[in-house]
Undergrad: 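Let me give you the structure first, and then I'll get to my questions.
The figures here come from the full heavy-atom set of this structure, side chains too, leaving out hydrogens, waters and symmetry mates. Please read all numbers here as calculations on a predicted model, not as lab measurements. Each chain gets a letter, A, B and so on, in the order its sequence line appears, and its residues count up from 1.
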There are 2 protein chains.
Amino acid sequence: MTMNNGAGGRRRPPTIHDVAREAGVSRGTVSRVLNGGHYVSPAAAEAVNAAIRRTGYVVNRHARSLITGRSDSVGFLLTEPQERFFEDPNFNVLLRGCTQALAAHDVPLLLMLAGTEDERRRITRYITAGHVDGVLLVSSHSGDPIATELREAGVPLVACGKPIGIGSKVSYVAADDRDGARDMVRHLLAQGRRRIGVVTGPLDTPGGVERLAGYREVLAEAGVQYDEGIVVSGDYSRASGEAGAERLLDRAPDLDAVFVASDLMAQGVLTALRRAGRRVPQDVAVGGFDDSPAATAASPSLTTIRQPWDRISSEMVRVLLAQIGGEEPAAVILPTELVKREST
Amino acid sequence: MTMNNGAGGRRRPPTIHDVAREAGVSRGTVSRVLNGGHYVSPAAAEAVNAAIRRTGYVVNRHARSLITGRSDSVGFLLTEPQERFFEDPNFNVLLRGCTQALAAHDVPLLLMLAGTEDERRRITRYITAGHVDGVLLVSSHSGDPIATELREAGVPLVACGKPIGIGSKVSYVAADDRDGARDMVRHLLAQGRRRIGVVTGPLDTPGGVERLAGYREVLAEAGVQYDEGIVVSGDYSRASGEAGAERLLDRAPDLDAVFVASDLMAQGVLTALRRAGRRVPQDVAVGGFDDSPAATAASPSLTTIRQPWDRISSEMVRVLLAQIGGEEPAAVILPTELVKREST
DNA sequence: TTCTCTACTGTGAACGCTCACAGACAGCAT
DNA sequence: ATGCTGTCTGTGAGCGTTCACAGTAGAGAA
């Protein structure tokens, strides 16, 4: 009496052979059913599917990968220093969105952290050895060596946010930072604010540069004098927002609004303003960017620019899978949206 | 003239065969060097290593997995509903810690999200088919069907926090919640507080239950009357902390302290107290739990109980790998630490 | 010497799958 | 009849690795 599949005994899982025997067809036919079902008669297909159900067969991806050369998995690569990963809520929603979008295609996601030089080397080897078919890259800072390495190795790659200094021919998906900034500054002007300070993001990131550019454009269009003295830059962290607001208040006590390039920094700005005795929004209006949880958590809640993170992640996955499928790299720019809350 | 490895041409990566030829030994010897180097002469080992360096050889994990039956990867499985994943900063540090600890063993981490029933089924199939060697499970709520399924399928499993209602024989790593709660309540008593309210976590989670138990124990030891009226429960979210504090103030206006089972809820408590015109810590002291970034971000900054997340993640990985290696399941309880800040 | 033991090495044979190929059969035109 | 086309099916080969096994050589014991 042979041991059955039931509880108790760890049994060798069914192979494509078992399914073929069970269905009364050959391995080849089962394989064809598994891979799209072309050139398979309806009767055979039905028999195979029934056999798969009966045996509980699941394809062995290692065997498949060994011969196809594909791994049917993609990497989610984070090259940020740790603190950013912790502090920035955007990473979470991006990671979650990508995982789900990939799961819909039955593609597992490998999380990869390249903080140190050592990790970077190991991960590069892993990726270029073909253990993933493509990479979703999250790294805002420029000159990322791993990005260029991967690109040169011909690994399908999609970046989140426009990579700078890496040349073209690399796919990316980004929100329309400049347009979002324009919306916010126009909104502040519409509230009657005229003395609008800025806390920018790091100026070696596209977000930092573009959001500042949008601010300048709208000011110019409105005929408001641009004053470099009320432009300070931060690093997207809460603390840098706080420090930035202090510098702004110091230089321009008559400030009546601040446009902050991230919600997290805006939280810091709120703290500094409160400490300085300014009321928000009565004395100073504050506009954030991202519409992260920090925006609603802040008090007063932040007027901000929503980045469409759900769409960003699904587009990243779409573009990456297309590229793995042989299509050319592509850039996707997604619109943002002004969300009005208490701080303006 | 054959195409070289240089830029431009995608070339077939070197195999163990190529390395063997280059080193002047057999496949078997190369394989032995790759797997620990036992029964290999120093000369041969050196020749092989040199050949590996020259050829840029990287082992093909699919081929290896096909024959060993191991996948040399583990899954990080999240069964929480979405909002918790987003809001709770602990997940981030846990995920990061696990990824790094695994990377040190050259084991990739697959991120798996089982929110819907559909996802749950697909992921169960994936895991039980042997596509990962083990699972790191993050799911605080009890009666998780996936956990029991995996356990019954014999998949090595390590939970974060003690799983309830799943029977024994499942490994877990947890902070000493009860002891942490005891420390905090003792601290509040030492500050002269006597009317100490509680906002607990969900009472179907070990954290929720244990932290409340610690509170009751210390009160009893100190001879302070336990008053069920000033015990309310939340769901670890900020909003539930806010609501909880309102209920507490309503029932006990003479409250002089609140022990909150998470920093995030404690933020909500601070908001509610401020709105009610209570000063923290002068009128009411607030103690949190977790020592998450929320603790320092809050104003006033939160006195809290640090959970050793870095150790939790590294222990989870250690126990999981041991179990994959054939060891028996194990439970690990790690000590917590009181961190004093402005709120008490 | 001869035997035994240990350290080391090479050689099929798998692992489970896909791919290329060849063959069978039907339908339709020649 | 013959050929051609298209759909469908089975078969052998091979992907890159590990594992079991057989075999060699050198050291030490009898």
Undergrad: Send over the distance from R61(A) CZ to dC17(C) C1', rounded to a whole Å.
TA: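 Roughly 13 Å, once rounded to whole Å.
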Undergrad: Taking atom P of dG23(D) as reference, at what distance in whole Å does atom OH of Y39(B) sit?
TA: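 Computing the Y39(B):OH to dG23(D):P distance gives 19 Å.
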Undergrad: Starting at CD1 of I67(B) and ending at C1' of dC15(D), how long is that distance when rounded to a whole Å?
TA: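 To the nearest whole Å, that distance equals 13 Å.
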Undergrad: Is the distance from OP1 or OP2 of dG16(D) to the nearest side-chain N or O of T15(B) less than 4.0 Å?
TA: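 For dG16(D), OP1/OP2 do not have a side-chain N/O of T15(B) under 4.0 Å.
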Undergrad: Once the angle between the rings of H131(B) and H62(A) is folded into 0 to 90°, is it parallel (under 30°), tilted (30 to 60°) or perpendicular (over 60°)?
TA: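 Geometry flag for H62(A) against H131(B): perpendicular rings.
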Undergrad: So what does R27(B) touch, heavy atoms closer than 4.0 Å: a base, only the sugar-phosphate, or nothing?
TA: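 Base contact.
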Undergrad: Whole Å only: how far is the CZ atom of R64(B) from the P atom of dT17(D)?
TA: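 Spelled out: CZ on R64(B) to P on dT17(D) is 9 Å.
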Undergrad: Can you tell me if S31(B) touches the phosphate of dT18(D), counting only side-chain N or O atoms and a distance under 4.0 Å to OP1 or OP2?
TA: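 Yes, because at least one side-chain N or O of S31(B) sits under 4.0 Å from OP1 or OP2 of dT18(D).
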Undergrad: Mind calculating the distance between OH (Y57(B)) and C1' (dG16(D)) to the nearest angstrom?
TA: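 Taking OH of Y57(B) and C1' of dG16(D), I get 7 Å after rounding.
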Undergrad: Base, sugar-phosphate alone, or nothing: which one does R32(A) contact when heavy atoms must sit under 4.0 Å apart?
TA: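 Base, at least one base atom sits under 4.0 Å.
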Undergrad: Rounded to whole angstroms, how far apart are CG on L66(A) and P on dG16(C)?
TA: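 That distance rounds to 12 Å.
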Undergrad: Between R120(A) and E117(A), is there a salt bridge with N-O shorter than 4.0 Å?
TA: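 Yes, charged N to carboxylate O under 4.0 Å.
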Undergrad: Is a donor from one side chain sitting under 3.5 angstrom from an acceptor on the other, for D133(B) and S71(B)?
TA: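 On atom types as modelled, these side chains qualify, holding a pair under 3.5 Å.
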Undergrad: Would you kindly compare V25(A) and H17(B) by the position of their nearest DNA chain D nucleotide and give the one closer to the 5′ end?
TA: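 Between the two, 5'-proximity favours V25(A).
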Undergrad: Strictly below 4.0 Å, N to O, side chains only: are R54(B) and D18(B) in salt-bridge contact?
TA: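 Salt bridge: no.
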Undergrad: In whole Å, what is the span from the CG atom of N60(A) to the P atom of dC15(D)?
TA: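 One finds 18 Å between P of dC15(D) and CG of N60(A), rounded.
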Undergrad: Spell out, as yes or no, whether a donor-acceptor pair under 3.5 Å connects the side chain of E46(A) to the backbone of P42(A).
TA: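 Not a single qualifying donor-acceptor pair exists.
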Undergrad: Please report, rounded to the nearest Å, how far the C1' atom of dC15(D) is from the CG atom of D18(B).
TA: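 One finds 13 Å between C1' of dC15(D) and CG of D18(B), rounded.
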Undergrad: If the cut-off is 4.0 Å, is S41(A) near the phosphate of dT7(D), judged by side-chain N/O to OP1 or OP2?
TA: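 S41(A) to dT7(D) OP1/OP2: no side-chain N or O under 4.0 Å.
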